[in-house]
A.B. asks: 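Input: one structure, supplied below.
The shown structure was predicted, so the numbers you read here are calculated from the model rather than taken from an experiment. Here is the naming used below: chain letters follow the sequence lines, and residue numbers restart at 1 for every chain.
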Amino acid sequence: MNNQISLKVYNSYSRQKEAFQSITPGHVGMYVCGPTVSGESHLGHARPYITFDVVYRYLQQLGYKVRYVRNITDAGHFEEEGREAEDKISKKAVLEKLEPMELVQKYTNLYHWAMEQFNTLKPSIEPTATGHIVEQIEMIKKIIEAGYAYESNGSVYFDVKKYAVSHDYGKLSGRVIDELLETTRELEGQEEKRDSADFALWKNAAPEHIMRWQSPWGVGFPGWHIECSAMATKYLGAEFDIHGGGMDLLFPHHESEIAQSTICNHTAPVRYWIHNNMITINGRKMGKSYNNVIKLTELFSGDHPELSQAYHPMVVRFFILQSHYRSTLDFSNEALQAAEKGLKRLWDAYEKLQALVAEPGSTGTDAELGDKVKKLLTEFDEYMNDDFGTARVLANMFELVPVINSMKDGIIAVSAISADTLEWMKKQMKVFVEDIFGLKAVNEADNEKLKGVMDLLIAIRKEAKTKKDFVTSDKIRDELARLGISLKDEKGGGMSWAVE
RNA sequence: GGUCCUGUGGCCGAGUGGCUAGGCAGAGCUCUGCAAAAGCUCCCACAGCGGUUCGAAUCCGCUCGGGACCUCCA
């Protein structure tokens with residue numbers, strides 16, 4: 001609990017790191033913008049979910065009871081405001097000859113599957129937009145009553161100009177309201193708005209719309225910002241601690257959320273806005289409009305022209321953790337392959353560490369080494385508390401790797417560090433590697449039968465080696481390698497194996 | 001065009017006034033029947049030009065390059 005007071009997070013709203021203090025002591029409310037399930041998730045989507053998964057895990061590690069709300073946008077927003085009276089989901093449903101909800105279900109399932117591959121924890125609540133139409137309508141009503149929204153031709157718009165008179169519209173995204181008001185766009189349907197900066201709370205639905213609901217303003221569907229405001233308010237209250245999402249949502253999505261919720265609830269909704277940066281490919285943001293999307297299914301199977309091989313979900317997770325969440329992260333095969341090897345090295349050492357046994361009562365024969373280890377371990381907490389510095393923690397872990405390997409190989413005696421330090425290292429590594437970073441073994445290896453077979457093969461190979469029958473010993477190792485099982489001789493005559 | 005971010009060694013990426021980041025790749029050595037793994041050592045970078053400072057990759061200015069948002073977007 002001591003760490004709770006030293007956590008600092010970068011708040012996009014103030015543009016600086018702030019000491020984190022939850023509204024309700026011991027509790028944290030966190031809302032993260034979830035996926036629009038009108039298509040498959042891609043590598044770019046993986047970043048926020050893994051980033052905020054680590055935030056979620058870390059807050060819990062600090063002793064907070066966290067309510068983590070991550071929505072599913074299944075209501076389909078219009079393609080481009082006012083231009084096409086057609087929502088994404090209904091459009092694609094026609095193409096694929098599926099019911100809208102069937103399509104939504106398909107991609108929701110796929111998304112859940114991918115999240116499971118990444119070993120992300122499930123959110124506390126995963127509300128859907130279609131399940132909260134009533135709440136959204138109620139919220140819009142309140143905004144109209146307050147005088148900050150108006151109805152126009154069956155649609156409802158938020159009055160940005162009026163809001164800006166008394167509120168700081170544009171602060172989060174660094175927008176200047178006058179400039180926004182000047183922006184003139186020749187868009188169809190724009191005449192419904194009093195001002196081009198206004199945004200839709202409710203859109204009247206053209207007859208071809210499949211997803212449509214009855215409202216006080218006629219048949220239509222909710223605007224694309226209101227669902228988050230409505231669901232966050234419902235499950236986290238008028239004011240809550242953390243709102244997360246990608247930086248590309250800063251404007252207009254999150255800016256609009258602030259405006260809506262502020263009018264409706266008479267308070268700014270969010271204490272800490274946290275935004276992750278983009279994953280780029282060849283220096284360019286990954287996104288549909290750039291035609292450079294690598295879907296998660298493709299990433300895991302290697303089936304994409306940009307990919308020279310398949311990448312395991314844990315490799316991707318590790319790759320993302322190796323950079324700071326607020327920096328752009330550039331995808332390349334080289335970088336992913338480096339991550340793959342790095343993760344293997346780290347994980348191997350991690351497993352070796354857990355198998356080390358301390359000498360009871362040992363106080364450590366190498367004080368310098370002991371101090372170094374303790375310093376590296378202490379910094380885990382320090383770095384995480386400094387705006388979730390996962391990359392720096394990993395760097396420290398890699399500094400521990402040679403120490404661990406040397407102990408395993410007997411180059412350094414286990415007793416070089418005290419029993420207490422070793423125990424702490426084992427525990428601290430476990431907490432960070434598994435509990436906070438959410439990493440797990442890449443290969444699902446060991447079942448009992450395979451283990452039995454391997455024990456047998458190892459025994460035969462040992463015998464052969466003793467007899468200098470290297471033909472047999474090499475045959476065993478080489479044939480296993482062909483099957484994807486690596487067998488390694490170790491110092492002291494032992495052998496270890498792993499499924500690659 | 002406006003707003004903002006950014007430019008680190010072969011590649012990826014931390015860091016941010018003085019102290020080796022780290023990973024991957026590469027070179028050498030040790031260990032080893034061979035191999036793999038592992039250990040040790042080397043490769044010591046911060047776009048360019050000025051300025052501030054005892055001292056700058058880190059602060060300021062300019063130049064050049066890259067990017068994000070301003071429209072759906074993680």
A.B. asks: Dump the pairs, protein N or O against N or O of nucleotides 19-25 of chain B, anything under 3.5 Å, distances to one decimal.
C.D. replies:
unit_1, atom_1, unit_2, atom_2, d
B:A25, OP1, A:Lys341, NZ, 3.2

A.B. asks: If the plane angle is over 60° it's perpendicular, under 30° parallel, otherwise tilted; pick one for A:Phe199 and A:His225.
C.D. replies: perpendicular
A.B. asks: Indicate the atoms forming the closest heavy-atom contact of A:His275 with A:Gly246, along with that distance.
C.D. replies: CD2-O, 3.3 Å
A.B. asks: Under 6.0 Å between ring centres: does that hold for A:Trp113 and A:Phe300?
C.D. replies: yes
A.B. asks: Sequence neighbours left out, what passes salt bridge (charged side-chain N to carboxylate O under 4.0 Å, His left out) with A:Asp489? Give chain and number order.
C.D. replies: A:Arg461, A:Lys465
A.B. asks: Do A:His112 and A:Glu126 get their side chains close enough for a donor-acceptor pair, meaning under 3.5 Å?
C.D. replies: yes
A.B. asks: OP1, OP2 of B:G39 versus side-chain N and O of A:Asn405: anything below 4.0 Å?
C.D. replies: yes
A.B. asks: Phosphate oxygens OP1/OP2 of B:G67: is one of them under 4.0 Å from a side-chain N or O of A:Arg284?
C.D. replies: yes
A.B. asks: Across the strands shown, which category fits A:His275 at heavy-atom distances under 4.0 angstrom: base, sugar-phosphate, nothing?
C.D. replies: nothing
A.B. asks: Can you tell me if A:Tyr290 touches the phosphate of B:A68, counting only side-chain N or O atoms and a distance under 4.0 Å to OP1 or OP2?
C.D. replies: yes
A.B. asks: Counting any heavy atom closer than 4.0 Å, what does A:Ser289 reach on the DNA or RNA strands: base, sugar-phosphate only, or nothing?
C.D. replies: base
A.B. asks: What is the ring orientation for A:His42 with A:His45, classed by angle as parallel under 30°, tilted 30 to 60°, or perpendicular over 60°?
C.D. replies: tilted
A.B. asks: With sequence neighbours excluded, tell me which residues meet side chain to side chain contact (heavy atoms under 4.5 Å, CB included) with A:Leu249.
C.D. replies: A:Cys33, A:His253, A:His254
A.B. asks: Less than 6.0 angstrom from the centroid, inside 45 degrees of the normal: does A:Arg175 satisfy that with respect to the ring of A:Phe251?
C.D. replies: yes
A.B. asks: Would you list the pairs meeting ring-ring contact (aromatic ring centres under 6.0 Å, His included) in which at least one residue belongs to residues 377-400 of chain A, sequence neighbours left out?
C.D. replies: A:Phe380-A:Phe432
A.B. asks: Any stems for RNA chain B, made of 3 or more Watson-Crick or G-U pairs in a row, each with both distances under 3.5 Å?
C.D. replies: B:1-7 with B:64-70, B:10-12 with B:22-24, B:26-30 with B:38-42, B:47-51 with B:59-63
A.B. asks: Both A:Ser406 and A:Asn282 contact RNA chain B. Taking the nearest nucleotide for each, which residue is further toward the 5' end?
C.D. replies: A:Ser406
A.B. asks: Look for any protein N or O under 3.5 Å of an N or O in nucleotides 29-33 of chain B and output each such pair with its distance, or none.
C.D. replies:
unit_1, atom_1, unit_2, atom_2, d
B:G33, N1, A:Asp474, OD1, 2.9
B:G33, N2, A:Asp474, OD2, 2.7

